[in-house]
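All remarks here apply to the structure that follows.
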Amino acid sequence: MTVSSSRMRDAVARFSESAADQGLADVTYTTMDSPIGPLLLAATDRGVVRIHFEEEEWVLDELARRVSPRVLRSPRRLDPARRQLDEYFAGRRRSFSIPLDRRLIGQFGERVLARTERIPFGSVAAYNDVAWDIGAPRAARAVGNALGANPIPVVIPCHRVLRTGGSLGGYGGGLDRKRYLLQLEGALPTAG
């Protein structure tokens, strides 16, 4: 007797949700579709710990190494984050109210990202402005590196930081995604 792949997937999903409900997973994750491609979302009991563009096995390996090896797919536990991201992409949300787990952010990165979180929806700042604001006026390049290492993009809006003069600079998710997010927020004109 063979079990259909659909029934097997359902059984695995029920097992995963049950294990997560019983506290047997320290990190839960899921994926979601978005206008900028698939996103992998991961959370701990503290909050969202990782958002990654596309589902890649190395991200789960990194979470197992840096947070806990008890990583399990549990879509239901990430429903609030998915819902808020869906609202954002639909233009109905300007800020996020989901808890965040910042343990993957280093000390300098935390200063940079805390400043970045204060950039309002629809606005931008320059790398050197962020560096100046955090008390490291000669660290614009380090600011760029910290933004590139942001483990929770979109929710922590590192896409709102540009080069002096307004060119996009870099973005861990690629410049097309950065451009899309800025256009969605009205910070860049949409292409004609």
Side-chain angles (χ1 to χ4, degrees), residues 1-90 92-114 116-117 145-159 171-174 176-178 180-181 184:
M1 179 171 118
T2 62
V3 177
S4 74
S5 61
S6 172
R7 286 179 59 198
M8 182 62 84
R9 276 193 308 274
D10 291 344
V12 169
R14 283 192 310 276
F15 169 80
S16 294
E17 292 295 344
S18 176
D21 290 344
Q22 294 175 41
L24 301 176
D26 295 324
V27 180
T28 56
Y29 75 95
T30 192
T31 57
M32 67 177 280
D33 292 327
S34 82
I36 57 173
L39 299 175
L40 182 140
L41 313 175
T44 67
D45 60 349
R46 297 181 197 176
V48 173
V49 70
R50 191 79 162 93
I51 295 176
H52 185 71
F53 302 106
E54 305 185 24
E55 183 176 1
E56 297 187 57
E57 193 69 31
W58 71 264
V59 176
L60 299 176
D61 291 342
E62 174 195 44
L63 289 166
R65 201 174 54 258
R66 294 184 63 194
V67 179
S68 169
R70 297 176 1 152
V71 177
L72 196 60
R73 181 182 289 270
S74 181
R76 188 179 75 231
R77 296 191 62 188
L78 285 140
D79 280 347
R82 286 192 304 189
R83 189 170 24 262
Q84 288 192 26
L85 283 162
D86 282 338
E87 291 167 357
Y88 169 80
F89 288 121
R92 297 188 313 266
R93 176 172 288 278
R94 293 174 159 247
S95 62
F96 296 92
S97 60
I98 50 178
L100 301 179
D101 180 341
R102 298 169 183 271
R103 76 177 79 190
L104 298 177
I105 302 171
Q107 196 171 21
F108 182 77
E110 181 56 42
R111 291 173 41 212
V112 170
L113 295 176
T116 303
E117 287 178 290
N145 290 337
L147 293 170
N150 177 8
I152 313 172
V154 183
V155 173
I156 299 178
C158 55
H159 59 276
Y171 190 61
D176 288 341
R177 287 186 176 109
K178 184 172 187 171
Y180 179 90
L181 295 170
L184 175 71

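Starting from 1, each residue takes its place in the sequence as its number.
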Worksheet item: Under the side-chain contact (heavy atoms from CB on, under 4.5 Å) criterion, do Ser34 and Ile36 qualify, and how do the steps go?
Response: CA-CA 5 Å; Ser34 82; Ile36 57 173; 3.2 Å; yes

Worksheet item: Atom CG in Leu147, atom CG in Leu113: separation rounded to 0.5 Å?
Response: 6.0 Å

Worksheet entry | Leu39 side, atom CG; Thr30 side, atom OG1 - distance, nearest 0.5 Å |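 If we round to the nearest 0.5 Å, Leu39:CG and Thr30:OG1 are 10.5 Å apart.
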
Discussion item. Would you call the rings of Trp58 and His52 parallel, tilted or perpendicular, taking 30° and 60° as the class edges?
Written reply: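 Perpendicular.
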
When you measure from the side chain of [X] to the backbone of [Y], do you find a donor-acceptor pair of N or O atoms at a distance under 3.5 Å?
X: Gln84; Y: Ser97; answer: yes
X: Asp45; Y: Asp26; answer: no
X: Arg177; Y: Gly173; answer: yes
X: Arg50; Y: Ala42; answer: no
X: Thr116; Y: Val112; answer: yes

Worksheet entry | Evaluation steps, side-chain contact (heavy atoms from CB on, under 4.5 Å), between Val27 and Arg70 | CA-CA 6 Å; Val27 180; Arg70 297 176 1 152; over 6 Å; no

Discussion item. Less than 6.0 angstrom separating the ring centers of Phe53 and Tyr171, yes or no?
Written reply: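 Yes; Tyr171 has its ring centre under 6.0 Å from that of Phe53.
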
Testing the basics here: between [X] and [Y], what is the closest heavy-atom pair and its distance to 0.1 Å?
X: Val71; Y: Tyr29; answer: CG1-CD2, 3.7 Å
X: Val49; Y: Leu104; answer: O-CD1, 3.7 Å
X: Ile156; Y: Ile105; answer: CD1-CD1, 4.2 Å
X: His159; Y: Leu181; answer: CD2-CB, 3.6 Å
X: Ala25; Y: Arg77; answer: O-NH1, 4.4 Å
X: Gly109; Y: Ala146; answer: CA-CB, 3.9 Å

Practice prompt. Kindly determine whether Glu87 and Arg93 satisfy salt bridge (Lys or Arg N to Asp or Glu O under 4.0 Å), including the steps that lead there.
Written response: CA-CA 5 Å; Glu87 291 167 357; Arg93 176 172 288 278; 2.8 Å; yes

Discussion item. Under the criterion side-chain contact (heavy atoms from CB on, under 4.5 Å), I'd like the reasoning laid out for Leu40 against Leu60: C-alpha separation, chi angles, the key distance, then a yes or no.
Written reply: CA-CA 9 Å; Leu40 182 140; Leu60 299 176; 4.1 Å; yes

Can you confirm whether [X] sits close enough to [Y] that some side-chain heavy atom of one is under 4.5 Å from a side-chain heavy atom of the other?
X: Val155; Y: Val48; value: no
X: Arg103; Y: Arg46; value: yes
X: Arg82; Y: Pro75; value: yes
X: Val154; Y: Phe96; value: yes

Item to complete: Please assess Glu117 against Arg102 for the test salt bridge (Lys or Arg N to Asp or Glu O under 4.0 Å), listing each intermediate value before the final yes or no.
Response: CA-CA 13 Å; Glu117 287 178 290; Arg102 298 169 183 271; 3.1 Å; yes

Discussion item. Run the side-chain contact (heavy atoms from CB on, under 4.5 Å) test on Thr31 and Glu54 for me, step by step, so that the C-alpha distance in whole Å, both residues' side-chain angles and the decisive distance to 0.1 Å come before the verdict.
Written reply: CA-CA 8 Å; Thr31 57; Glu54 305 185 24; over 6 Å; no

